[in-house]
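First comes the structure, then the notes that go with it.
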Amino acid sequence: MSASYLTDGFTLRSWFLTTDHKRIAILYLASITAFFFIGGAAAALVRYNLIVPEGMIHSAETYNRLFTMHGVVMVWFFLVPAVPVTLGNFIVPLMLGARDLAFPKLNLFSWYLFMIGGVIVLYSLFTGGVDTGWTFYTPLTTAYSKGHVVATVVGIFISGFSSIATGLNFIVSIHRLRAPGMTWFKMPVFLWSLYATSVILVLATPVLAMTLVLLAFERIFHIGVFDPAMGGDPLLFQHLFWFYSHPAVYIMILPGFGIVSEIVPAFSRKPLFGYSFVVWASISIAVISFLVWGHHMFVAGTSLFSALVFSILSYMVAVPSAIKVFNWLGTMHKGYIHFDAPMLYALGFIALFTMGGLTGLFVAALAADVHLTQTYFVVAHFHYVMVGGMVSAFFAGLHYWWPKITGRMYPEMWGRAGALIIFIGFHLTFFPQFALGYMGMPRRYHSYSPEFQVLNVLSSAGATILAVGYLLPLAYLTWSLFRGERASDNPWEATGLEWKTASPPPTENFAVTPVVDSEPYNYQRPRGLP
Amino acid sequence: MSETALPRTFQYTSAQHQSQTAVSGMWLFLASEMLFFGVLFLTWIFCRHWNQTGFDIGARQTELSLGTLNSVILITSSVTYAAGTLFIEKGNVRRLIQLVVVTGLLGLAFLVLKFGIEWHDDFEKHLFPGEAFAIRGAARAGAQMFFVFYFVATALHGLHMLVGLGLLVWIIQKARHGHFFAEYSTPVAIVGLYWSFVDMVWIMLYPLIYLVGRST
């Protein structure tokens with residue numbers, strides 16, 4: 001057994017040319033963190049602007065560029081890749097009982113693609129930016145917008161192929177590299193979730209890629225595939241864009257489901273309630289996610305019939321999502337619950353995701369959506385799912401696997417404090433936006449009517465608390481790298497093959513290939529309890 | 001050749017395990033590529049539906065003879081490559097190299113005809129969309145849009161061909177250095193999948209460019 005993967009070479013070369021999935025995960029973790037705080041800084045400026053009705057930033061154009069930057073960076077360079085490329089890269093082979101992913105060089109290549117795309121996007125955003133919103137609607141984007149549209153689109157296009165590479169690697173690895181005895185229905189749910197996520201990554205991302213090619217071509221050569229003035233069709237763009245971008249929200253949230261499904265049983269000391277329901281829910285979410293994109297276009301002039309069908313299909317996604325929430329609650333029921341930081345983050349996820357999901361039903365309803373779609377209600381809804389839900393789940397997973405990744409424990413008290421501050425800050429930031437949206441405050445504008453000010457100030461105040469909540473883990477997790485208590489191989493006494501190797505794991509993960517002979521989540525109630 | 005001497009990296013239990021995995025990876029990549037080009041075909045057909053007159057006028061400006069010749073060349077190249085994979089499965093490295101060289105030359109011929117001659121003529125005839133676009137009148141917008149698709153599609157297909165040619169060179173190099181034999185030729189099979197896929201993209205493009213517009 002060689003030394004841990006962290007001490008296996010200290011040169012820059014041993015990091016930047018590594019094919020070890022664990023080191024690549026660390027490279028990604030550093031990049032993702034940088035993008036998260038860049039996107040977060042843009043969001044902070046957006047909230048700063050909205051403190052007063054006329055806007056703290058004088059130019060509406062600057063404001064447009066800020067929220068576009070926030071959207072582009074957060075969606076493509078944090079939310080979509082975050083869990084798969086960091087925790088997924090690190091944990092998937094360990095959970096499978098494998099020594100690496102199926103294609104390690106492709107994995108490294110994907111990081112370079114991601115960084116090239118990211119640098120191009122950052123360059124274009126810092127040298128003038130884009131004012132189109134992250135959705136790049138035509139013909140605004142192709143004919144009227146000033147700014148570095150083409151460069152931004154090229155960056156997203158390139159990083160898209162890193163998504164495809166990651167998804168492809170996971171699908172093939174899960175099919176081909178499971179440890180002896182690990183049948184499909186003995187796989188932990190995290191693997192199932194990433195499998196479902198990867199299917200979407202591989203099948204939806206190329207659709208966006210081609211759409212962006214046509215968009216860039218149209219903008220450069222002034223020809224209208226999507227421009228009605230030249231015989232094109234802007235709705236065609238919206239259809240293609242949302243055919244990717246709606247499944248993309250499930251790319252963001254499905255890995256979160258997987259993380260929470262690992263943590264809730266481990267900290268309730270009970271097997272996951274209704275394992276096969278959770279698995280089938282993941283698969284059906286991935287399938288249905290491809291059939292609901294039209295709900296972004298209810299007011300765009302699609303036919304009433306198609307709107308009706310998309311509305312019904314959108315309601316259908318709620319079913320598997322709710323199944324999962326009930327399964328997590330069922331797992332906790334009569335469990336022996338430990339409120340450690342990962343569990344607190346996971347509970348935060350369940351609460352915030354449930355609120356985000358239920359308000360999603362409001363906007364899936366045709367009549368309500370007509371009123372709500374252009375308002376802050378939608379902003380609040382998707383931030384509850386994406387930020388409240390997904391980022392909480394990411395932190396839950398990061399804390400849960402931190403001892404495995406680094407070999408150090410994070411400081412428990414600070415971890416719990418971080419979870420609480422994020423939960424409170426999040427509600428304070430986004431709950432007022434539901435009210436604002438219901439009252440009719442339109443989104444995307446840099447100024448607003450004075451009667452909305454109180455709620456906007458509340459929201460901006462919440463954003464500062466949220467910022468503290470996000471900076472806190474950055475501080476104490478970094479501290480723990482050097483001063484944290486040494487972690488044992490399995491500090492949570494959790495099941496799952498990743499806990500059967502050392503913390504941090506050796507380069508080859510397992511000296512002897514592990515054999516799976518029991519059901520997943522084989523947790524027992526501690527003895528001597530009533 | 002004993003099983004242990006075959007190339008394999010440490011996460012696989014056997015060389016066969018690894019080679020089958022590599023093949024499934026390529027299939028999955030091609031599924032992704034199919035959606036990439038699928039969107040192009042869908043958008044093309046959708047736009048033609050709304051601008052049929054312009055599209056058909058545009059399509060009639062294309063060189064049917066060159067397109068047909070290129071189709072024959074490309075399909076033949078897939079045949080020669082497939083023959084090469086059969087020979088290496090019997091351990092005949094020399095035949096493999098010869099057939100892959102022929103495949104590469106056919107691919108090169110395609111690129112010369114497509115970009116050296118056909119594109120050149122298209123530019124001469126001012127068929128590239130823009131101010132100087134040759135077709136005027138009511139059908140101008142539609143015809144221009146046809147040529148948007150024509151240039152985007154052929155450029156992307158050409159890029160895929162270039163990648164394919166690079167892969168062929170790689171296969172030839174590996175074969176010359178004795179990396180392939182009857183028991184092991186996975187990279188040959190994988191590149192074959194890719195080459196045939198690029199061929200099939202052209203089989204979709206050929207009617208879209210040269211035939212459909214001439215049918216009315």
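Owing to the predicted nature of the structure, the values given are computational and were not obtained by experimental measurement. Each chain gets a letter, A, B and so on, in the order its sequence line appears, and its residues count up from 1.
Residues B/Thr21 and A/Phe103 have side chains in contact (heavy-atom distance under 4.5 Å, counting atoms from C-beta outward). In this structure, the side chains of A/Leu177 and B/His17 come closer than 4.5 Å at one or more pairs of heavy atoms. No side-chain heavy atom of A/Thr205 sits less than 4.5 Å from a side-chain heavy atom of B/Phe36.
If you measure heavy-atom distances from A/Leu214 to chain B, the contacts under 4.5 Å come from the side chain alone. Looking at A/Ala209, both its backbone and its side chain come within 4.5 Å of chain B, counting heavy atoms on both sides. Contact annotation for B/Phe46: only side-chain heavy atoms (C-beta onward) come within less than 4.5 Å of a heavy atom of chain A. Both the backbone and the side chain of A/Asp100 come within contact range of chain B, each with at least one heavy atom under 4.5 Å from a heavy atom of that chain. With a threshold of 4.5 angstrom between heavy atoms, A/Leu101 approaches chain B through N, CA, C or O but not through any side-chain atom. Heavy-atom distances place both the backbone and the side chain of A/Leu168 under 4.5 Å from chain B. Contacts between B/Phe133 and chain A at a heavy-atom distance below 4.5 Å are absent for every atom of the residue.
Around atom CZ of B/Arg60, more than 12 heavy atoms belonging to other residues, nucleotides or ligands sit under 6.0 Å away. When the shell of 6.0 Å around CH2 of A/Trp184 is examined, it contains more than 12 heavy atoms from other residues, nucleotides or ligands. Sparse packing is recorded around CE of B/Met34, with 12 or fewer heavy atoms of other residues, nucleotides or ligands lying under 6.0 Å away. Counting heavy atoms of neighbouring residues, nucleotides and ligands inside a 6.0 Å radius, atom CZ of B/Phe10 exceeds 12 of them. The number of heavy-atom neighbours closer than 6.0 Å to NZ of A/Lys105, taken from other residues, nucleotides and ligands shown, is 12 or below. Heavy atoms from other residues, nucleotides or ligands lying under 6.0 Å from OH of B/Tyr194 number more than 12.
B/Val148 approaches A/Phe217 most closely through the heavy-atom pair CG1-CD2, 3.6 Å. Of all heavy-atom pairs between A/Met230 and B/Met145, the closest is O-CE, 3.4 Å. Nearest heavy atoms, A/Val202 versus B/Ser32: O-OG, 3.0 Å. Scanning all heavy atoms of the two residues, the minimum distance from A/Gly231 to B/Asn51 falls at O-ND2, 3.3 Å.
The CG atom of B/Leu42 lies 11.0 Å from the CE atom of A/Met210; values are rounded to the nearest 0.5 Å. If you take CG on A/Leu236 and OG1 on B/Thr43, they are separated by 5.5 Å, rounding to the nearest 0.5 Å. Between the CD atom in B/Gln18 and the CZ atom in A/Arg176 there is a gap of 10.5 Å [rounded to 0.5 Å]. B/Phe29 CZ to A/Leu106 CG: the interatomic distance, rounded to the nearest 0.5 Å, is 9.5 Å. Taken from OG1 in A/Thr513 to CD in B/Gln11, the straight-line distance is 11.5 Å, to the nearest 0.5 Å.
Between the side chain of A/Asp233 and the main chain of B/Cys47, no donor-acceptor pair closer than 3.5 Å is present.
Ring geometry, A/Phe221 versus B/Phe128: the interplanar angle exceeds 60°, so the pair is classed perpendicular (tilted spans 30 to 60°).
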